[in-house]
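Have a look at the structure below before the remarks.
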Amino acid sequence: MAGPSLEQAVRGIPSLRGVFVTAMPDCLLFDSWTRPDEKWAREEASAYFGDLVRANREALKSLASWSSDMQVTIESSDLLLVLRELREDFVVTFAFEHTAPLGMVRLQIKRTLSVLEDLLPRVEPFYAVKANSHP
């Protein structure tokens with residue numbers, strides 16, 4: 001996905017500081033947008049976000065409580081992070097100012113994910129491509 005498409009999808013969202021799109025299962029940064037003043041290590045953060053969602057999914061499965069609609073919400077002294085799986089091939093992480101109202105955050109995430117669903121390509125893992133290839 002081209003950068004401007006992600007930028008257009010998140011334009012005008014109040015309190016948003018950044019968005020990271022992580023390609024799964026390899027936990028690689030696919031695309032991101034951050035405010036110009038943010039100096040985050042995007043690739044490193046993206047890998048952690050993918051691993052975090054994967055660990056959360058497995059933990060919920062061990063409790064027989066897994067749902068495809070799950071999200072991970074992390075509140076710190078300066079950030080509100082929300083991580084959501086988009087299909088099985090992407091994790092999208094939203095970084096908001098910690099003062100953002102959670103109801104507004106959820107509404108903005110729902111709207112943005114519906115736009116990203118159409119923008120993101122279908123990613124097929126290498127092992128699936130190799131298994132489906134013909135000699």
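The environment of Glu117 atom CD is dense: over 12 non-hydrogen atoms of other residues, nucleotides or ligands sit within 6.0 angstrom. Within 6.0 Å of NZ on Lys110 lie no more than 12 heavy atoms contributed by other residues, nucleotides or ligands.
In this structure, the side chain to side chain contact (heavy atoms under 4.5 Å, CB included) partners of Arg54, at least two apart in sequence or on a different chain, are Met24, Pro25, Cys27, Asp51, Arg57. Every residue meeting the side chain to side chain contact (heavy atoms under 4.5 Å, CB included) condition with Glu44, not counting sequence neighbours, appears here in chain and number order: Ala41, Tyr48.
Linking ILVMFWY residues whenever their side-chain heavy atoms come closer than 4.5 Å, directly or via other members, leaves Val10 and Leu107 in distinct clusters. Cluster annotation: Met104 is not connected to Phe96 through the hydrophobic network of ILVMFWY side chains, with a link wherever side-chain heavy atoms come within less than 4.5 Å. Residues Leu28 and Leu52 are members of separate hydrophobic clusters, defined by side-chain heavy-atom contacts under 4.5 angstrom among Ile, Leu, Val, Met, Phe, Trp and Tyr. A continuous path of Ile, Leu, Val, Met, Phe, Trp and Tyr side chains, each step under 4.5 Å between heavy atoms, connects Ile13 with Leu119, placing both in one hydrophobic cluster.
Looking at every heavy atom in both residues, Ser114 comes nearest to Arg111 through OG-O, 2.7 Å. Listed here is the closest heavy atom pair of Phe20 and Leu29: CD2-CD1, 4.4 Å. The two residues Leu16 and Ala95 make their nearest non-hydrogen contact at CD1-O, 3.4 Å. Of all heavy-atom pairs spanning Phe49 and Val91, the tightest one is O-CG1, 4.3 Å.
Here the straight-line distance linking atom CG of Leu80 with atom CZ of Arg17 works out to 11.0 Å at 0.5 Å rounding. Put simply, CD on Glu58 and CG on Leu63 are 11.5 Å apart, with the number rounded to the nearest 0.5 Å. Atom CD of Glu7 and atom CG of Asp31 lie 10.0 Å apart (nearest 0.5 Å). Atom-to-atom distance recorded for Ser15:OG and Leu79:CG is 11.5 Å, nearest 0.5 angstrom. Note that CD of Gln71 and CG of Leu83 are 9.0 Å apart. Values are rounded to the nearest 0.5 Å. Distance check: Leu86 CG to Leu116 CG gives 6.5 Å after rounding to the nearest 0.5 Å.
Classification of the Phe30-Phe90 ring pair by plane angle, with boundaries at 30° and 60°, yields perpendicular.
One N or O on the side chain of Ser62 and one on the backbone of Ala59 form a donor-acceptor pair closer than 3.5 Å.
Annotation: side chain to side chain donor-acceptor pair (under 3.5 Å) contacts involving residues 92-109, sequence neighbours excluded, comprise Arg35-Glu97.
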After noting the C-alpha distance and the side-chain angles of Val92 and Leu113, does the key distance pass the side chain to side chain contact (heavy atoms under 4.5 Å, CB included) rule? CA-CA 8 Å; Val92 183; Leu113 288 176; 4.0 Å; yes
Let's go through Phe94 and Thr112 carefully: what are the C-alpha distance in whole Å and the side-chain angles of both, what is the deciding distance for side chain to side chain contact (heavy atoms under 4.5 Å, CB included) to 0.1 Å, and is it a yes or a no? CA-CA 10 Å; Phe94 297 86; Thr112 304; 3.8 Å; yes
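A side-chain donor-acceptor contact under 3.5 Å links Arg42 and Thr34.
The shortest side-chain heavy-atom distance between Arg84 and Met70 does not fall under the 4.5 Å cut-off.
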